[in-house]
Student: 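To start, I am sharing the structure in question, which I have written as structure tokens.
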Amino acid sequence: MSSETPYSPHATAENQTGSDPVLAGFRKSIDNIDAALIHMLAERFRITQAVGAYKAKVTLPPADPDREKRQIERLRQLSEDADLDPEFSEKFLRFIIDEVIRHHEKARGAAQD
Ligand SMILES: O=C(O)C(=O)C[C@]1(C(=O)O)C=C[C@@H](O)C=C1
């Protein structure tokens, strides 16, 4: 915030970064990272959609708890190595997998119709 701008907790991004090129630079990078995350998530859900259709076809259960255990172990280790909170990573993966399982269950329901 510039010295002549009065403090406002609800200032818009435009008027904060307009006067602060350092913050604008950081935010440009954050926006690129967020876009990459969205594209990676879209790709992950594209492949899990195929997995769900396959599992429904060959009548495999939607969830595989042993596989999930191995994924969580692996991501926790990767997180520690990358200085990322492993608890956060586990919660994040759990959130995604739970959504995938919901999609798999729907696919199984549709295959039974
Ligand atoms: O690998 C599978 O069997 C999947 O269905 C994918 C996936 C995942 O999203 O990674 C989802 C549900 C399973 O419980 C385990 C893993």
Side-chain angles (χ1 to χ4, degrees):
M1 196 189 296
S2 71
S3 55
E4 62 273 10
T5 309
Y7 172 71
S8 163
H10 302 297
T12 65
E14 282 72 27
N15 66 27
Q16 286 181 27
T17 55
S19 58
D20 191 334
V22 176
L23 186 57
F26 289 147
R27 286 182 175 173
K28 197 170 178 180
S29 187
I30 289 169
D31 286 347
N32 282 343
I33 293 164
D34 287 349
L37 282 173
I38 292 301
H39 285 118
M40 284 191 282
L41 273 177
E43 207 49 41
R44 194 184 197 285
F45 276 98
R46 206 193 314 274
I47 187 66
T48 55
Q49 196 177 6
V51 174
Y54 176 74
K55 284 185 165 181
K57 184 171 159 230
V58 301
T59 64
L60 276 169
D64 182 342
D66 287 343
R67 163 74 174 152
E68 291 172 21
K69 225 189 246 169
R70 293 195 300 275
Q71 285 170 289
I72 286 166
E73 255 328 290
R74 177 171 171 267
L75 280 205
R76 287 189 69 101
Q77 188 58 60
L78 284 172
S79 301
E80 273 169 31
D81 296 346
D83 288 331
L84 185 65
D85 180 2
E87 289 298 311
F88 168 77
S89 300
E90 179 168 348
K91 275 192 253 170
F92 183 62
L93 186 67
R94 188 70 265 154
F95 181 64
I96 293 169
I97 289 178
D98 285 347
E99 181 69 5
V100 170
I101 292 170
R102 214 174 55 79
H103 293 183
H104 285 1
E105 282 166 349
K106 253 180 141 180
R108 183 167 68 164
Q112 283 167 349
D113 287 343

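Just so you know, ligand 1 is whichever comes first in the structure, and atom 1 is the first atom listed for that ligand. The first residue in the sequence is number 1, and the count goes up from there. None of the values given here were measured: they were computed from a predicted structure.
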Student: Would you name the heavy atoms of Lys55 and Pro62 that are closest together and state the gap between them?
Tutor: NZ-O, 3.0 Å
Student: Would you name the heavy atoms of Thr48 and His104 that are closest together and state the gap between them?
Tutor: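 Closest pair (atom of Thr48, atom of His104, distance): O-CE1, 3.1 Å.
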Student: Suppose I only count heavy atoms of Val51 and a 4.0 Å limit; which atoms of ligand 1 are within that range?
Tutor: 4 (C), 5 (O)
Student: When you measure from atom 14 (O) of ligand 1 to every protein heavy atom, which one gives the shortest distance, and what is it?
Tutor: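 Protein heavy atom at minimum distance: Glu68 OE2, 2.4 Å.
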Student: In the protein, what heavy atom is nearest to atom 16 (C) of ligand 1, and what distance, to one decimal place, separates them?
Tutor: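 Its nearest protein heavy-atom neighbour is Gln71 OE1, 3.4 Å.
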Student: What are the atoms of ligand 1, with element, lying closer than 4.0 Å to any heavy atom of Asp64?
Tutor: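 Those of ligand 1 that fall under 4.0 Å from Asp64 are 13 (C), 14 (O).
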Student: Restricting to non-hydrogen atoms, name the atom on Gly52 and the atom on Ala107 that form the minimum distance, rounded to 0.1 Å.
Tutor: O-CB, 4.1 Å
Student: Which atoms of ligand 1 have any heavy atom of Ala63 under 4.0 Å away?
Tutor: 14 (O)
Student: Kindly identify the option in Arg44, His103, Arg67 whose heavy atom sits closest to atom 8 (C) of ligand 1.
Tutor: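 Shortest heavy-atom distance from atom 8 (C) of ligand 1: Arg44.
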Student: What protein heavy atom lies closest to atom 2 (C) of ligand 1? Include the residue and the distance to one decimal.
Tutor: Lys55 NZ, 3.5 Å
Student: Mind checking whether Val100 and Gln49 have side chains closer than 4.5 Å, heavy atoms only?
Tutor: no
Student: Would you find more than 12 non-hydrogen atoms of other residues, nucleotides or ligands less than 6.0 Å from Phe45 atom CZ?
Tutor: yes
Student: Mind listing the closest non-hydrogen atom pair of Ser79 and Pro86 along with its distance?
Tutor: CB-CA, 3.9 Å
Student: To check your reading of the model: name the closest protein heavy atom to atom 11 (C) of ligand 1, its residue, and the distance in Å.
Tutor: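 The answer is Val100 CG1, 3.6 Å.
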